Amino acid sequence: QVQLVESGGGLVQIGGSLRLSCTVSGRSSDTYAIGWFRQAPGKEREKVSCISPDASVYYTDSKNGRFTTYRDAVTNTVDLQMYRLRPEDTAVYYCAADFSCGSAVDDWEYWGQGTQVAVSS
């Protein structure tokens with residue numbers, strides 16, 4: 001089983017930055033794709049980014065230059081660095097693990113508990 005724990009959420013002003021971290025552990029955890037998702041109240045959960053075991057990184061919105069996903073070998077985490085945050089970025093952010101970055105949202109096998117991000121003026 002793979003365990004995932006998110007951290008780094010909080011309240012930030014418009015235009016601010018946050019770095020979310022996903023701590024991944026468990027047997028064979030290196031073989032899984034790790035995705036970042038978000039869900040606002042009343043909206044569908046959506047994929048933000050994903051990093052594959054071969055280190056390929058994918059973003060749902062390729063024109064969104066504000067978000068970056070990477071593996072941090074020092075902290076053993078998969079991080080989501082967010083810049084120039086907007087009110088529409090407000091959501092609960094989750095990390096998840098599955099066989100492939102191409103899996104549908106509902107098919108991802110392992111999930112963290114989520115961390116809240118709120119963007120306001």
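Just so you know, these numbers come straight off a predicted model, no measurement behind them.
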Of T77, I51, L4, the residue whose pairing with C22 passes side-chain contact (heavy atoms from CB on, under 4.5 Å): L4
With a 4.0 Å cut-off, would you call D79 and R71 a salt bridge? no
Could you report the tightest heavy-atom contact between S52 and C101, atom names first, then the distance? OG-SG, 3.2 Å
From CA spacing to verdict: salt bridge (Lys or Arg N to Asp or Glu O under 4.0 Å), D106, R45: CA-CA 9 Å; D106 291 342; R45 185 172 299 181; over 6 Å; no
Interatomic spacing from CD in Q13 to OG in S120 - rounded to 0.5 Å: 7.5 Å
Look at atom OH of Y70 and say whether more than 12 heavy atoms of other residues, nucleotides or ligands are closer to it than 6.0 Å. yes
Per the salt bridge (Lys or Arg N to Asp or Glu O under 4.0 Å) rule, what does the pair list look like for residues 46-59, sequence neighbours excluded? R38-E46
Are I34 and V24 packed together at the side-chain level, in the sense that at least one heavy-atom pair is separated by less than 4.5 angstrom? yes
Ignoring hydrogens, what is the shortest heavy-atom contact between D98 and S103? Give both atom names and the distance. OD2-OG, 2.5 Å
Tightest non-hydrogen contact, residues V74 and D72, listed as N-OD1, 3.0 Å
Could you check if a side-chain atom of Q39 sits within less than 4.5 angstrom of a side-chain atom of Y93, using non-hydrogen atoms only? no
Within a strict 4.5 Å, meaning less than it, do heavy atoms of the R84 and I14 side chains meet? no
Once rounded to the nearest 0.5 Å, what's the spacing between atom CD of E6 and atom SG of C95? 4.0 Å
Which value, rounded to the nearest 0.5 Å, describes the distance between L18 atom CG and L85 atom CG? 5.5 Å
Non-hydrogen atoms of W36 and S21 that approach each other most closely: CZ2-C, 3.8 Å
M82 and L20: side-chain contact (heavy atoms from CB on, under 4.5 Å), yes or no, with the steps? CA-CA 8 Å; M82 306 187 292; L20 307 182; 3.9 Å; yes
Cluster membership besides W111, Ile/Leu/Val/Met/Phe/Trp/Tyr side chains within less than 4.5 angstrom, sorted by chain and number, is F37, V92, Y94, V105, W108
T60 vs V48, side-chain contact (heavy atoms from CB on, under 4.5 Å): CA-CA, chis, key distance, verdict: CA-CA 5 Å; T60 299; V48 176; 5.5 Å; no
Should F99 and V2 be counted in the same cluster of Ile, Leu, Val, Met, Phe, Trp and Tyr side chains packed under 4.5 Å apart? no
Under a 4.5 Å cut-off applied to non-hydrogen side-chain atoms, are F67 and Y83 in contact? no
Can you tell me how far apart OG (S49) and CD (Q81) are? Round to the nearest 0.5 Å. 12.0 Å
Backbone N/O of T69 and side chain of Y59: donor-acceptor pair under 3.5 Å: yes
